[in-house]
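Everything below concerns the one structure shown next.
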Amino acid sequence: MMINIKLMRKKYFIFICLLVAVLSGCTKEAFYKEAYHATQPSVFSCNEVAQSQYEDCMKRAQKTKTYEAYEKERSKTLKQ
């Protein structure tokens, strides 16, 4: 039940980010940063997960991808 609530919150937050980006004329880079960080767990939120999921959560929390790296990967994928 708790997982469903967290998933719903995440989806709601992403929807709000999309809506704000569209309405505010936000740049692609700013939108990417907000959406990316909204979907990534924070180091503090990893303290709330089960011990068996803690290491995976910390790895995802510490992994960051810059907008430039994202754009490069995206361009490479689109060219294929």
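Note that the coordinates shown come from a computational prediction; the quantities given were computed from them, not determined experimentally.
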With sequence neighbours left out, write down each residue that passes side chain to side chain donor-acceptor pair (under 3.5 Å) with Glu73, or none if nothing qualifies.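 Once residues adjacent in sequence are excluded, the partners of Glu73 under the side chain to side chain donor-acceptor pair (under 3.5 Å) criterion are Lys65.
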So with a 6.0 Å cut-off around CD of Glu71, is the heavy-atom count from everything else above 12? yes
What distance do Tyr54 atom OH and Gln51 atom CD have between them, rounded to the nearest 0.5 Å? 8.0 Å
